[in-house]
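All ligand and atom numbering here is 1-based and tracks the order in the structure.
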Amino acid sequence: MTQLLEVRDLRVQFSTAQGTATAINGVNLSLEHGQSLGILGESGSGKSVTARTIMGLLDMPPAKINGGEILLEGEDLLTATAKRRRQLTGPVMSMVFQDALSALNPVHPVGRQIGELYRVHRGYSRKAAKAAAIEMMDRVRIPAAASRVNDYPHQFSGGMRQRIVIAMALALDPQLLIADEPTTALDVTVQAQILELLKEQQAENNMGLILITHDISVVREVTDQVAVMYAGRIVEQGPTAHVLGDPRHPYTLGLSQSVANEDLKGRRLPAIEGSPPDLLALPRGCSFANRCPLADEQCSSSAPPLESVGAGRTSACFHSGKVASNVAYSN
Ligand code: ADP
Ligand code: MG
């Protein structure tokens, strides 16, 4: 069967006053139907730009797509017409952003915003659209949906608003849902509820889910697969339990040790010294080399490709075979 989503060697740059920033530097990703994939990486690693490029939401300029393919069920989105993209957005792929408030229109009742999708894409009558909206609000567990369908966004709590945004994203039964830090703006209890909802909807509808987060525990909790992102590249991908439990890239190992330290001492200790490279001047070799305990001459002269490192796993490291839990980051 065709993969649900395949991203091959995607490259995106931004022109800025300081020069050209390489935000996405050859991203490779794949996702099967019905699978959930976490994209994990620290702030600025290119997660949101990747999502926006897939959804066709980049502002060009300043952004420019310099190469690659994005295949959705085999169809290349980068060469698709604007009309075709509009047909796909909603019924085939959709997205949930971090900030529910900006995704909702403050001057329209929430039921009308959900119902509008059915009117536009399926030609429903007003009455049928309203009924479908109530059904969706029920599905995302908004209490007393029928009596709240005419309420405005500001009449809901942050968590309930995010549920409404999720209802809109799920309304047309997409094959692929991309959720970009969907719980970062919410308090911890509500976060857990929203993640639970996403996980359950993904499984019940055999939907592909890409969950973007900087939080390793979110990935561990929700996703089957994880892709670890660093300086605009995927440096490791594979089944979540295997990748996080037995990393094959030194960066993944550093991330997992950083969390282990946090658990132990009750505060976050940076397991990995140093900082990501300047996107205006990426190094010739591996972007992680300057922070990596395994780096040697080869690493600073050429960039390691993402290669198979066992069943369903890939890593972009010349020393993937030497990454083991006993490699220690010195602080
Ligand atoms: P994150 O992983 O935190 O979601 P982003 O994908 O938002 O990171 O951004 C990756 C990098 O792309 C940023 O560090 C930034 O340098 C660059 N970038 C993103 N948007 C713009 C923009 N509109 N103009 C210039 N640079 C941008
Ligand atoms: Mg982001």
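- Salt bridge Glu204/Arg139: absent, no basic N to carboxylate O contact under 4.0 Å.
- Look at Gln98 and the Mg ion (ligand 2): no N/O/S atom of the residue is under 2.8 Å from the metal.
- For Glu116, the salt bridge (charged side-chain N to carboxylate O under 4.0 Å, His left out) criterion is met by no residue, not counting sequence neighbours.
- Side chains of Asn66 and Gln13: a donor-acceptor N/O pair is present below 3.5 angstrom, by distance only.
- For the pair Arg148 and Phe156, the cation sits on the ring face: its NZ or CZ lies under 6.0 Å from the ring centre, inside 45° of the axis.
- Sorted by chain and number, the residues within 4.0 Å of ligand 1 by heavy atom are Phe14, Thr16, Ala23, Glu42, Ser43, Gly44, Ser45, Gly46, Lys47, Ser48, Val49, Leu279.
- The existence of a salt bridge linking Asp215 and Lys47 is excluded, since no basic side-chain nitrogen approaches an acidic carboxylate oxygen closer than 4.0 Å.
- Between the CD1 atom in Ile65 and the OG1 atom in Thr53 there is a gap of 5.5 Å [rounded to 0.5 Å].
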